[in-house]
Asks: 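Structure below; questions to follow.
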Protein chains: 4
Amino acid sequence: MSQKKQQIIWTAAKLIHAKGYESTKLSDILAACGIGKGQFYHYFTSKRELGLAIVDHYAQMWQDELIEGILKSGRSPERKMEEMLQWAIQFHETPEKLHGCPFGNLALEMSEHDEDFRVKINRIFSDWIEELTQVIEALQGEKQARQKARMVVAQIEGAILLMKNNQDSEVLLDIIDGIRQEYISS
Amino acid sequence: MSQKKQQIIWTAAKLIHAKGYESTKLSDILAACGIGKGQFYHYFTSKRELGLAIVDHYAQMWQDELIEGILKSGRSPERKMEEMLQWAIQFHETPEKLHGCPFGNLALEMSEHDEDFRVKINRIFSDWIEELTQVIEALQGEKQARQKARMVVAQIEGAILLMKNNQDSEVLLDIIDGIRQEYISS
Amino acid sequence: MSQKKQQIIWTAAKLIHAKGYESTKLSDILAACGIGKGQFYHYFTSKRELGLAIVDHYAQMWQDELIEGILKSGRSPERKMEEMLQWAIQFHETPEKLHGCPFGNLALEMSEHDEDFRVKINRIFSDWIEELTQVIEALQGEKQARQKARMVVAQIEGAILLMKNNQDSEVLLDIIDGIRQEYISS
Amino acid sequence: MSQKKQQIIWTAAKLIHAKGYESTKLSDILAACGIGKGQFYHYFTSKRELGLAIVDHYAQMWQDELIEGILKSGRSPERKMEEMLQWAIQFHETPEKLHGCPFGNLALEMSEHDEDFRVKINRIFSDWIEELTQVIEALQGEKQARQKARMVVAQIEGAILLMKNNQDSEVLLDIIDGIRQEYISS
DNA sequence: TATGAATGAGTGTTCATTCAT
DNA sequence: CATGAATGAACACTCATTCAT
């Protein structure tokens, strides 16, 4: 993939993360990238195609950083859990404004009226729950490990939603702390 | 408030719950209500004002059904918890399509670029957490009751998000079941 | 149908007759009508819908003037033939530029890639040939009357094409004269 | 002329015959030819120049096949007439879809707003009528031979228009049959 | 009160043409 | 000779809002 196309994806990903897919107008993307309409449509056939490419871009990032880099690493389950929580904090605390989870945002905005988006996003959550189930099994045994994994993922996504709505990262930190107590410290 | 205005709010609330605020066009609302533009602008000065009225409408519903009707009722904390979980299930399982939580949806769509929406929505979540803290204190003591309340609310909202993205209510039921075990059955 | 809608159809019909469907841009129509985009889309859902309305408009005109007014009138077959030829001349000679037959033009431009246009236009030609067959039967007997009707219609349409391409109405007058000799004068 | 340039003309001619000049996009032509933009603009300065080259290409084909090969051949006038009619049938019956006469199509699409196209196309029709006049003189004497030639050409072009609009070659065959009876069989 | 005609800035998209390599 | 990235004006269409009646 050409460098320019990558740059468009990255730049647009940031905008869409911050403002949402529909609210981010093509003209915003064009202005942010410093390109013209023609150049955009040289690389993408539509705004929707760019949107799907952005989901893929984030999916790859999660696969590399979270799934492969943490949950499937050779480290101890306690460390995996801890690093996952750290990763969640660092990912969502950084930006000036608290934009929320890129997948969570798109999940709510797109998944009901665009099946391609839904499937791509769903795959991320499924993989995450799947790998987390393994970690929780190692920590607390097989019993209800899958349910627990779902609960943790739901808790993190819900915490990010509350944080975004509260515009204060303290909520996220507090809930993450609660999860840590349940699976690591105790 | 006139009956007609109420009917517009209810009808529009359903549409916006299903399709989102931006995606629901004024013409959709007009058609669903069977009214003309003039009548709409007689009752509301803008689409945004309607949106805020819808948030108030849902807020009132939550206040009545969840806060007053359940969490502040005279029943035992166990029953309060159980009824809250039942209420969450019934609220999100019913619609043909799984549209998600009206507040969660609007929280993600609106709260970052419209402060009025954010504040109204945030108030709901705050009240919910506040009252749930009381219930959890009664169940498990004061220690970290507020953190636990946040975690439960986050879990429910996150569960609804996962459910919506999975288009299958099983996820929600499973996670609710996990919460029940933690606070009631055990 | 509202007066404004009629006016848009008439004005656009003239433009499209002169320049063709695709070459006539919406902005041309808007400028010629002195209206804005919003007003246009208040009356029509698309440019294509306007195009079909224009075909209907011309079809009605032909039905009234040619089919009912001439071919199905109570006059003698010779007079019917003569009036039809006069009508063809007057219809195509008048405009400053020789724009050709509105149906012939649209037939060639649209009929291959838009079935709705094709069917509407085809109906006109079919009706014309049908009624002309009756007239020719009255003039020269049943034998091959239908074939002769087809030939006359083809001749007129072909003559208009040659005239348009030659930008000189003499070709049309000459060919019409030939038809007259064959069916009336002799 | 280079072989590549010829190939572009032939390929584009087929596309434009089928879809029309405006509707055939440069990208369609490029894709069909398997070449890039640079190569196209090396051979042609614009799409319009290609269009004019295509008219020349068809004109040459008609000159060779119809004018020289049939109407100016040494054969009898009856055979010339018969071969001309056969040629018309074979030319328009073959393609899967009935695209109509390449000149007739372009005549209606282009001749009114592009003088260069009009003149080129008009020359073809003029030459055709001129040579056919000679043939008809040989068949039926000088009287009104030119008018008759015009009528036959108009009839053929009109028949092709009706055929295209009816999407059925039977109309063309029927009309050609009528011409045959008038000039050969009788 | 209520209608629906009218507005106009803005949307995503197209496409012949240019130009650096 | 040839590529394909880049341009930018134009296109059909949308929609919240206004306004004459």
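All figures in this text were calculated on a predicted structure; none of them were measured in a lab. Any value given below was found using the heavy atoms of this structure, including those in side chains, with hydrogens, waters and symmetry copies removed.
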Asks: Got a sec, which residues hit side-chain contact (heavy atoms from CB on, under 4.5 Å) with B:Lys25, two or more places apart in sequence or on another chain?
Replies: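 In terms of side-chain contact (heavy atoms from CB on, under 4.5 Å), with neighbours along the sequence ignored, B:Lys25 is linked to B:Ser27, B:Asp28.
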Asks: Please convert DNA chain F into dot-bracket. A pair counts if it is Watson-Crick or G-U wobble with both distances under 3.5 Å; crossing pairs go in [ ] and bases paired with another strand get |.
Replies: .||||||||||||||||||||
Asks: What's the CG-C1' distance between B:Asp28 and F:dA16, to the nearest Å?
Replies: 13 Å
Asks: Holding to side-chain contact (heavy atoms from CB on, under 4.5 Å), I want the full list of residues that pass it with A:Ala107, two or more places apart in sequence or in another chain.
Replies: A:Ile121, A:Phe125, B:Leu161, B:Asn165
Asks: With side chain to side chain contact (heavy atoms under 4.5 Å, CB included) as the test, would you mind laying out the steps for C:Phe103 and C:Ile160 before giving the verdict?
Replies: CA-CA 11 Å; C:Phe103 288 118; C:Ile160 293 166; over 6 Å; no
Asks: For a quick test of reading the model: is some side-chain N or O of A:Ser27 closer than 4.0 Å to OP1 or OP2 of E:dG10?
Replies: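 Indeed not, no polar side-chain atom of A:Ser27 lies that close.
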Asks: In residues 19-26 of chain C, which residues come under 4.0 Å of DNA chain F by heavy atom?
Replies: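 DNA chain F contact set from residues 19-26 of chain C: C:Lys25, C:Leu26.
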Asks: Round to a whole Å and report the spacing from CZ of A:Phe44 to P of E:dT14.
Replies: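 Value for this atom pair: 15 Å.
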Asks: Could you list the residues that satisfy side-chain contact (heavy atoms from CB on, under 4.5 Å) with C:Lys120, not counting sequence neighbours?
Replies: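 With sequence neighbours excluded, C:Lys120 shows a side-chain contact (heavy atoms from CB on, under 4.5 Å) to C:Leu52, C:Val55, C:Asp56, given in chain and number order.
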Asks: In whole angstroms, how far is the C1' atom of F:dC1 from the CD1 atom of D:Ile8?
Replies: 12 Å
Asks: Under the side chain to side chain donor-acceptor pair (under 3.5 Å) rule, collect the residues that match up with D:Glu49, sequence neighbours excluded.
Replies: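 Residues passing side chain to side chain donor-acceptor pair (under 3.5 Å) with D:Glu49: D:Thr45.
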Asks: Taking ring pair (Phe, Tyr, Trp, His ring centres under 6.0 Å) as the test, write out the residues that go with C:Tyr43, two or more places apart.
Replies: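 With sequence neighbours excluded, C:Tyr43 shows a ring pair (Phe, Tyr, Trp, His ring centres under 6.0 Å) to no residue whatsoever.
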Asks: Could you walk me through whether A:Lys164 and B:Leu108 pass side chain to side chain contact (heavy atoms under 4.5 Å, CB included), step by step?
Replies: CA-CA 8 Å; A:Lys164 182 175 176 179; B:Leu108 289 203; 3.7 Å; yes
Asks: Using the test ring pair (Phe, Tyr, Trp, His ring centres under 6.0 Å), find all partners of A:Phe117 that sit at least two apart in sequence or belong to another chain.
Replies: A:Tyr21
Asks: In whole Å, what is the span from the CZ atom of D:Arg48 to the P atom of E:dT17?
Replies: 10 Å
Asks: With the threshold set at under 4.0 Å for non-hydrogen atoms, list the residues of residues 29-43 of chain D touching DNA chain F in residue-number order.
Replies: D:Gly36, D:Lys37, D:Gly38, D:Gln39, D:His42, D:Tyr43
Asks: With nearest nucleotide decided by heavy atoms, which residue, B:Ser46 or C:Ser46, maps closer to the 5′ end of DNA chain F?
Replies: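 Of the two residues, C:Ser46 wins.
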Asks: Considering residues at least two apart in sequence or located in another chain, which fulfil the ring pair (Phe, Tyr, Trp, His ring centres under 6.0 Å) criterion with C:Phe40?
Replies: C:Phe44
Asks: Using side chain to side chain donor-acceptor pair (under 3.5 Å) as the criterion, list what pairs up with C:His57, not counting sequence neighbours.
Replies: C:Trp10
Asks: Of all residues at least two apart in sequence or in a different chain, which pass the side-chain contact (heavy atoms from CB on, under 4.5 Å) check with B:Lys37?
Replies: B:Leu30
